[in-house]
Protein chains: 2
Amino acid sequence: MVQYMTTRLDTSFAALSDATRRGVLEQLGRADASITVLAETFHMTLTGMKKHVGVLEQSGLVTTKKIGRVRTCQLGPRRLEDETAWLERYRRRWDERFDELDKVVEELTRKEKSNERKNRK
Amino acid sequence: MVQYMTTRLDTSFAALSDATRRGVLEQLGRADASITVLAETFHMTLTGMKKHVGVLEQSGLVTTKKIGRVRTCQLGPRRLEDETAWLERYRRRWDERFDELDKVVEELTRKEKSNERKNRK
DNA sequence: CATATACTGAACCATATGGTTCAGTATTTA
DNA sequence: TAAATACTGAACCATATGGTTCAGTATATG
């Protein structure tokens, strides 16, 4: 089940690694849109946009529904919670890590000062 | 400068989209490590690991220093702040969007009930 | 000095990605 | 019913990705 999580993070981070797809998500945050509208907005062929939407759909970030000849895209069920959690955990670790380093530096500085004192004698 | 931001999000999300690289980041969160150690941990050739480290270095998530024949890797200067910010902004949007939908549904429900009342007459 | 260690770079490979065109199908609309 | 619209799928293309092997170089170590 770690494997499962891992795979999902892979696909969602990959989905987010493209500027067009992030743009689509932002746009859908404002209003639902058809493939045609999205394709025009991002200066791309319908087929190209369809692929991006496919990727977003795969990762659960977008859902689509075809009514008549129009496929309408809207934000999907995933709220990127696991991704946010991963990033936050990482940042916590990062802070801890650098606090540690700070302490080491501090320690060294302290020793240096004490050496200075010794040298002054 | 939006372009600049965009490119950076591209590369950092791409860096995070690989399980091995996320693993390396977690490991480096615990302790600095050489390429050899990382390669062993993730069952990969030195060359393969070197590439992953290269990607992480490109994205500013890792820095390395070669002392003698050993290259030591440690967490880099970037704290993934922009990435976290993007995700959080997205989630806010997502919440707003679904609140809106909720209101629409509520509105419909209200109308339905009022119709029921009318029909009962 | 000889050998082992740690990395590096080039070359290769299979597959994925981000895009296109072209030739459809299905649905409006005039 | 004819023409326009909206999408879809296959095929193609260039480049990127994640890995390998192999042949080095540079640095310890015995």
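- Using a 4.0 Å heavy-atom criterion, one finds that B:S34 contacts the sugar-phosphate atoms exclusively.
- Summarising the geometry, the separation between CG on A:D10 and C1' on C:dA16 is reported as 13 Å, rounded to the nearest angstrom.
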Please walk me through it: do A:E83 and A:R8 pass salt bridge (Lys or Arg N to Asp or Glu O under 4.0 Å)? CA-CA 9 Å; A:E83 294 71 16; A:R8 198 159 74 167; 5.2 Å; no
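- Only B:G68, B:R69, listed by number, bring a heavy atom of residues 64-72 of chain B to less than 4.0 angstrom from any atom of DNA chain D.
- Rounded to an integer number of Å, the gap from B:L46 CG to D:dG18 C1' is 16 Å.
- Nearest heavy-atom pair across A:L75 and A:L25 is CD2-O, 3.8 Å.
- One can place CZ of A:F42 at 19 Å from C1' of C:dT20, the figure rounded to the nearest angstrom.
- Dashed line: the shortest gap from a side-chain N or O of B:T45 to OP1 or OP2 of D:dT20 is under 4.0 Å.
- Shown for residues 48-57 of chain A: residues whose heavy atoms fall under 4.0 angstrom of DNA chain D, namely A:K50.
- Residues A:T11 and A:Q58 bring no donor and acceptor atom of their side chains to less than 3.5 Å of each other.
- At the heavy-atom level, A:I35 lies under 4.0 Å from the strands shown only through sugar-phosphate atoms.
- As rounded to whole Å, 4 Å separates atom P of C:dG18 from atom CZ of A:R21.
- Counting atom types as modelled, A:T20 pairs no side-chain N or O with a base atom of C:dG18 as donor and acceptor under 3.5 Å.
- Residues that satisfy the side chain to side chain contact (heavy atoms under 4.5 Å, CB included) test with A:T45, not counting sequence neighbours, are A:T47.
- Judged by distance alone with a 3.5 Å cut-off, a donor-acceptor contact links the side chain of A:T47 to the base of D:dG9.
- The two residues B:L16 and B:R22 come nearest to each other via the heavy atoms O-NH1, 2.6 Å.
- Exactly one residue among A:R92, A:R89, A:R97, A:R93 makes a salt bridge (Lys or Arg N to Asp or Glu O under 4.0 Å) with B:E26. That residue is A:R89.
- Residue B:L28 comes nearest to B:C73 through the heavy atom pair CD2-O, 3.4 Å, listed as atom of the first residue, atom of the second, then distance.
- In plain terms, the two heavy atoms of B:S59 and B:A15 that are nearest each other are OG-CB, 3.8 Å.
- Residues B:L61 and A:Y90 share a closest heavy-atom pair of O-OH, 3.8 Å.
- Remark: C1' of D:dT15 and CG of A:D18 are 14 Å apart, rounded to the nearest angstrom.
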